[in-house]
Every structure is written in structure tokens, then in C-alpha cells.
J.: 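Sharing a structure below in C-alpha cells format, with a few things to ask.
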Protein chains: 2
Amino acid sequence: MRKFLNVLKKCPLFFDLSDNNIITMLECLEAKTDIFDKNYTILSEGTPAKYIGIVLSGSVQITRTDYYGNRSILGNLCEGELFSEAFACVQMTSMPVSAIANERSKIMFIDCSHILHTCQKDCPHHQQLVYNLMKVLALKTVMFQQKIEIISKRTTREKLLTYLTICAKKNNKNSFKIPFNRQELADYLEVDRSGLSAEISKLRKENILECKRNYFKLL
Amino acid sequence: MRKFLNVLKKCPLFFDLSDNNIITMLECLEAKTDIFDKNYTILSEGTPAKYIGIVLSGSVQITRTDYYGNRSILGNLCEGELFSEAFACVQMTSMPVSAIANERSKIMFIDCSHILHTCQKDCPHHQQLVYNLMKVLALKTVMFQQKIEIISKRTTREKLLTYLTICAKKNNKNSFKIPFNRQELADYLEVDRSGLSAEISKLRKENILECKRNYFKLL
DNA sequence: TCCGTTTTGTTGAAATTTCAACACACTTTA
DNA sequence: TAAAGTGTGTTGAAATTTCAACAAAACGGA
């Protein structure tokens, strides 16, 4: 556990908690970890939500697949980020999404009810956890709003440019790498891959952006 | 204040609190109320988020308008529901959406920092408020996921049917009223109004649904 | 009831997306 | 190094959406 302390210290769930406090809490919370190989399902659509997931290493994609097999990517999570926290908070009986390991990843699981209900030992910093979780939930809402802003645009070009602009803002730079390949980007923007490739070509010809694989630069 | 107690008792923020507790808390929280006429702006895109809004009467729409003047409707809130809670929690300096009175509405405002930081009197049930707010935030995330599920569909027909199916589930009935007129429904589904009307006509001819204004019945 | 206003339905043309199929570049593995 | 697999770009046809404009229906006062 201690090995991943530097990751957990960056994790917003443990914001403002000392190393020792984090370690003590992990015991109270009965945190467990598991390793998943690339493309393995960490949490499965349709199953009950009980655990909050924390990415200790690697990365995770949140996806949904409809009847027709169309995949939709809700987001990509890196080291220190949480997933499934909202569903676990409301104890959803059937999760609307799956969590898939994007590469070999180590995941920590925390039973959400252990955060919501104070443990017997009544750890003094439990309250901080609750506030932190609240912040995480609020930020997730903001993130989803952004995703809605992107996919509510009517054309592939607008969706792409809205997404890239948000990326540029986040990186404070107009050049950056995105965590998706073309198909994944298409699934995130909810558009057709070939149409997306065509649009990227156009934008390149119009000198609006440079792009090489998952590297982009806005001009 | 007391006049709206029956609404506040239904409000998820005050879940599991007695009438007296609610009244006491409202003072600690320095809750204020205001009345807005139809189409008036309650909270404005681009301004700092500080207050949580609660609909005491009437109804509120959460909207965003882009450069080109395209309106997007994020959701519709009825009596007892909250808005702006996520933005207020993270003390956003520039809200990404506006809140508009859908009809003459009475709104209660609570400074979010009063919930996040315990008051001097240290009211014994303050903690319950925090838990309740957390539930609200988690449910909002779930709601936005649903909206993403709807608008990630590629055709107007699929978007509409996905939305109506969710409505039917929520109402536990295959006939129900929706809180939108045609233009608003189009702005919620992020599609063209005339195309939406055409699609509704088709579905009617195919005996897949009945519809009269904002009343729908799935067959 | 009548009139003005708002809401809804309809239509055709233009723009855009999706779909399927294939070529090419790049990686990985044998 | 060759072969297989993955990722990306390109294309044209079909399907769908958007846009603009107008007609019809419903609604809300006076």
C-alpha cells in the first residue's frame, strides 16, 4: 500500500490528509487493490455499484455499449483519479457504464458505504474524506457538462474543435497529446471515425491545426 | 419561510431532518428567497457560482447559449429540486450555464460555503446536510449520464425514443407529460425542431406513439 | 367571439454524417 | 526480416440533419 502513497497523495479523495492519516484510513476503509491487464473489464455495466475505484497506475476508460454495439466513451482516467464514485454513492443496482483497463493497471477499491458511514474507531479525519468526496462529485458534474457541451455541437468539426480547445485550456498550451486514438476519439465525440479523420485532414489543409497521431497543435 | 416547509420537506437537501431542524438550519444558512417572473434569468452564465438554488414554486430551466445563438437545454427543475449545487461546491468563477424561470417562480438561495463549513452554533444536524448534498451531487451525475446517453444517439428518432423511454420508466407509465414544448424538446435533444416534428409525425403514422402537444404515449 | 401571438407541422434543397470498402503506414511478433 | 495486426486516411453513395419558409392549429386576452 505504502508503495502507492505518492499516488494517493495526489488523489483528490485524500486531499489535505497526512501520509499517516491516509495509511490509517485505508485500513478503516478496508481498501483492496487488484491488477488488470489491458482491455480487461474492471467494473461491468449492469452490475450493482458498491465500490469507488482509484487508478493507482495505468489508465482506465469509462464506456457504454448500446444494443447495436456502438461504443460510447464517457471519459479517460489517469493515475490518482476516481471512477464509479457517483454510482457507488447512490448504491445504484445496475451501473450504466463499464470501466475498462486501457493498459495494465493497478486499481484500488473502497467500499463507498465505509466513507458515508463513520467507522467504529471514528477516525478524526474521516470528515475530511467526506468533504473531499463531495468535491470530487462536484467536479465530475462539471466534467460531464463539458462533455455535453462538446457533443451537443451539430457538426464533427465543431465537436472536435470544442474538445481540442478544452484540452488546450487544460494543458495551458496549444500543443498537447490526447489520451485517445482515432477510433476512441470518435467514440468520445460520438461521431463516425472516417468522418472524423476526413475532418482532421481538412483542418490540417486549412492550417487550423497540426496533428500527428495523438499529438495535436492548434494554430 | 414556514409557508414553504412542505416543499422543503420534499427537497432532498433536507432529507431526514425534522420540521424544526429545517427551520433552525435555514437561519444558520442565512437562506434567502426571491421571486422571478417567467423568462427571467435567475443565475447568469459567466458569473461566479456561490449559491445553491432551490425551487420553492414554479419551475426552472438550465440552459446554455453558444456564439451562434444556439440554445442548449441541460435540464428542467420542478418544486423541491436544486440547481447550481455543483458549481457552488467548487466555487466556480464562471458558471457554464444559466438558470431561467420557466414560469413565475419562487427560489431559495443558500450560500454553499455555509453548508461546507459548519456554523458557529455548530447545529447538531449540519452533518446530515452534508450527506444529503452529497447524494444530490451523485444523483446529478447520474442524470447527466442519462442526458449523454440520449444525445450520443446518432439520429433524431433514436434520441427521441431514448428520451421518451426514460420518461416512461421514471413515470412508471407509458403515457406522460413532458416539461418541454417542441422547441425546448429539440434544444434538450440537441436537434433541429422541424426535423423533430417530422420524426414525431412519422412515429405517429407507424403507430409507435401517440402525442398531443406535451403529452406522449408509447405504444 | 375575434384577433394577434405562439406553437406545431410540412416541405424541399443544401449540407453533413454515416457506412462500407480499401489502401497505406506503422508496430509487433514470429 | 517477413508477416500479421493495428491504426489512419480516403472515397463515393446512401441516409439523415439542418435550414428557411410557410401553413395550420392552438392559445390567450380583449
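Protein chains get the first letters and strands the later ones, always in sequence-line order, with residue 1 at the start of each. As the structure is a prediction and not an experimental result, all values here were calculated from the model.
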J.: For the helix from C:dT1-D:dA30 to C:dA30-D:dT1, what angle lies between the axis at the first five pairs and the axis at the last five pairs, to 10 degrees?
T.: 50°

J.: With sequence neighbours excluded, tell me which residues meet side-chain contact (heavy atoms from CB on, under 4.5 Å) with B:N172.
T.: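 Result, side-chain contact (heavy atoms from CB on, under 4.5 Å) vs B:N172: none returned.
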
J.: Is it true that A:E79 and A:S57 share a donor-acceptor pair across their side chains at a distance under 3.5 Å?
T.: no

J.: Which residues pass the salt bridge (Lys or Arg N to Asp or Glu O under 4.0 Å) test with B:K106, not counting sequence neighbours?
T.: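 Per chain and number, B:K106 pairs via salt bridge (Lys or Arg N to Asp or Glu O under 4.0 Å) with no residue.
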
J.: With sequence neighbours left out, what residues match A:S194 under side-chain contact (heavy atoms from CB on, under 4.5 Å)?
T.: A:D192

J.: Check DNA chain C against residues 187-208 of chain B and give the residues with a non-hydrogen atom under 4.0 Å, in numerical order.
T.: B:R193, B:S194, B:S197, B:S201, B:R204

J.: For A:K147, enumerate each residue passing the side-chain hydrogen bond (donor to acceptor under 3.5 Å, both in side chains) test, keeping only those at least two apart in sequence or located in another chain.
T.: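 Scan of A:K147 (side-chain hydrogen bond (donor to acceptor under 3.5 Å, both in side chains), adjacent residues dropped) gives A:E190.
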
J.: Mind checking which nucleotides bracket the chain B contacts on DNA chain D, 5' to 3', with an atom under 4.0 Å from a heavy atom?
T.: D:dT16 to D:dC27

J.: Sequence neighbours excluded, which residues qualify as side-chain contact (heavy atoms from CB on, under 4.5 Å) partners of A:Y131?
T.: A:Q127, A:M134, B:L116, B:T118, B:V130

J.: Taking CG from B:N181 and C1' from C:dT6, how many angstroms apart are they, rounded to a whole number?
T.: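 To the nearest whole Å, that distance equals 9 Å.
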
J.: With sequence neighbours excluded, give me every ring-ring contact (aromatic ring centres under 6.0 Å, His included) pair touching residues 76-104 of chain B.
T.: none

J.: Quick one: list whatever passes ring pair (Phe, Tyr, Trp, His ring centres under 6.0 Å) with A:Y188, sequence neighbours left out.
T.: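 Per chain and number, A:Y188 pairs via ring pair (Phe, Tyr, Trp, His ring centres under 6.0 Å) with A:Y163, A:F180.
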
J.: Please figure out whether B:N70 or B:K212 has its closest DNA chain D nucleotide nearer the 5' end.
T.: B:N70

J.: The criterion is salt bridge (Lys or Arg N to Asp or Glu O under 4.0 Å); which residues satisfy it with B:D16, sequence neighbours excluded?
T.: none

J.: Among all residues two or more places apart in sequence or in another chain, which pass the side-chain contact (heavy atoms from CB on, under 4.5 Å) test with A:T156?
T.: A:V191, A:L196, A:E199

